[in-house]
Amino acid sequence: MDMNLQKYMSFVKTVEYGSFTKAAEMLNYSQSGISRMIADLEKEWKVVLLERSKGGVKLTSDGLKLLPYAKNLVSDYEKLQMQVDELNGLQSGLIRIGTFSSVATHWLQNIIKEFGKDYPHIDYEFMLGDYTEIEEWILEGRVDCGFLRLPAHPDLETIFLEQDQLVAIIPENHPLADCEKFPVSALCNEPFMLLEKGAKAEVTEIFEKCNLTPKVHFTTWDDYAIMAMVESGLGISIMPQLILKRTPYKIIAKELDVPAYRKIAFALRSKKNASLAVKRFLEYLKYR
């Protein structure tokens, strides 16, 4: 890659990720290398692009004006590389995927294993987030595609994959451990562990639908933290069935007396304009 283009890409990715360290990891450079390239740009252009602090980096007013032009150059390079990859018949390439933890844990390895048998030279970049973040990443072009929950943003093309049932999770010694179906109303009788981040979660929608208010004691987007809390008897929760596969925790999953689900889909901006690697990747989603 041309050295100037490397500098532009370092600038763009540092802004996107908010730190030299994350940009370095993504671009396969050292942190000092990224910092030096941006410093070179600032010297060449005679401007200060970024404000450095312990909390990360922030665009200056000059950086804000120049960023769109750098982004366009980087985007054009990525499109050029995409065409080169297609001409080479997928002998190389990169797929950037946005995903949430349960899909990353239980689906992606199967899909990539099968895809890799036919296309062993494709590389991957995964970004872990919640549904809203993944939508934004796809729309902004930070990732090529991603897994999310339906309904999705109207500007995205989606492929429905699976209906994932939501279940109550309780400790093994819970008084209702032997019940056939767990009553939603009983979720309000003890501390509730809420699996949520950013946009409204499925669990919140269940309570609103049933006109109930849980005693939310702990809120996080970490599935395993929730399971550990429940195992310890600190409360109960509702989780998607997918994340409970092969769980090491001593907890019980119970179907709710008011059935609830999340619809998992694969999304991208445009199937027609996607890279050849992404188009081929779509064919392997069935191996999840």
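We're numbering straight along the sequence, starting at 1.
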Between Leu244 and Met227, does a side-chain contact (heavy atoms from CB on, under 4.5 Å) hold up when you go through it step by step? CA-CA 9 Å; Leu244 298 172; Met227 287 186 269; 3.7 Å; yes
Considering only heavy atoms from C-beta outward, does the side chain of Leu59 approach that of Val15 to under 4.5 Å? yes
Just by modelled atom types, is the Leu234 backbone N or O under 3.5 Å from a matching donor or acceptor in the Ser232 side chain? no
Salt-bridged, Lys181 to Glu255, with N to O below 4.0 Å? yes
No-hydrogen, no-angle side-chain donor-acceptor test under 3.5 Å, Ser19 and Thr21: no
If we ignore hydrogens and angles and just use 3.5 Å, is the side chain of Glu133 paired with the main-chain N or O of Asp130 as donor and acceptor? yes
Tell me whether the count of non-hydrogen atoms from other residues, nucleotides or ligands lying under 6.0 Å of CD in Glu44 goes above 12. yes
The single option from Leu41, Ile38, Val12 passing side-chain contact (heavy atoms from CB on, under 4.5 Å) against Lys7: Leu41
Euclidean distance, Met239 CE relative to Met193 CE, rounded to 0.5 Å: 12.0 Å
Spell out, yes or no, whether Tyr119 and Leu94 are grouped together once hydrophobic residues are joined by side-chain heavy atoms under 4.5 Å, including indirect joins. no
Evaluate the side-chain proximity of Leu242 to Val103: yes if any heavy-atom separation is below 4.5 Å, no if none is. yes
Validation row: Thr105, Tyr224 side chains within 4.5 angstrom (heavy atoms): yes
Apply side-chain contact (heavy atoms from CB on, under 4.5 Å) to Ile238 and Val167, showing your working. CA-CA 5 Å; Ile238 293 177; Val167 294; over 6 Å; no
Nearest 0.5 Å, please: how far is OG1 in Thr158 from CZ in Phe266? 11.5 Å
Would Phe192 and Phe207 count as a close aromatic pair, with their ring centres under 6.0 Å? yes
State, yes or no, whether a side-chain contact exists between Tyr17 and Val57 at a heavy-atom distance under 4.5 Å. no
Between atom OH of Tyr29 and atom CD1 of Ile34, what is the distance when rounded to the nearest 0.5 Å? 7.0 Å
Give me the one residue out of Arg262, Arg149, His153 that meets side chain to side chain donor-acceptor pair (under 3.5 Å) with Tyr131. Arg262
Is Leu161 reachable from Leu282 through a run of hydrophobic residues whose side-chain heavy atoms are each under 4.5 Å from the next? yes
Under a 4.5 Å side-chain heavy-atom rule over Ile, Leu, Val, Met, Phe, Trp and Tyr, are Leu148 and Leu139 clustered together? yes
Rounded distance [0.5 Å steps], CD1 in Ile95 versus CZ in Phe115: 4.0 Å
Find out whether Leu73 and Tyr69 are in side-chain contact, i.e. whether some heavy atom of one side chain is under 4.5 Å from a heavy atom of the other. no
Spell out, as yes or no, whether a donor-acceptor pair under 3.5 Å connects the side chain of Glu231 to the backbone of Ile251. no
Of the non-hydrogen atoms in Val143 and Arg269, which two are nearest, and what is the gap between them? O-NH2, 4.5 Å
Verdict with reasoning, Lys113 to Tyr287, per side-chain contact (heavy atoms from CB on, under 4.5 Å): CA-CA 9 Å; Lys113 182 179 179 181; Tyr287 292 107; over 6 Å; no
With a 4.0 Å cut-off, would you call Lys117 and Glu114 a salt bridge? yes
Are Phe281 and Phe126 grouped together when hydrophobic residues (ILVMFWY) are joined by side-chain heavy atoms under 4.5 angstrom apart? yes
Do Phe100 and Ile243 come close enough that some side-chain heavy atom pair is under 4.5 Å? no
Sub-4.5 Å side-chain heavy-atom contact between Phe11 and Leu50: yes
Near Lys22 NZ, under 6.0 Å, is it more than 12 heavy atoms from other residues, nucleotides or ligands? no
Are side-chain heavy atoms of Thr60 and Glu51 found at a separation under 4.5 Å? yes
Ion pair check, Glu16 and Arg96, cut-off under 4.0 Å: no
Yes or no on side-chain contact (heavy atoms from CB on, under 4.5 Å) for Leu176 and Lys254, after CA distance, side-chain angles and deciding distance? CA-CA 9 Å; Leu176 294 175; Lys254 287 287 180 181; over 6 Å; no
Just wondering, more than 12 heavy atoms not from His106 lying within 6.0 Å of its NE2? yes
Do Leu212 and Phe182 share a hydrophobic cluster (ILVMFWY, side-chain heavy atoms under 4.5 Å, transitive)? yes
For the backbone of Leu285 and the side chain of Arg288, can you confirm whether one donor and one acceptor N or O come within less than 3.5 Å of each other? yes
Nearest-0.5 Å distance, OH of residue Tyr284 to CG of residue Asn110: 14.5 Å
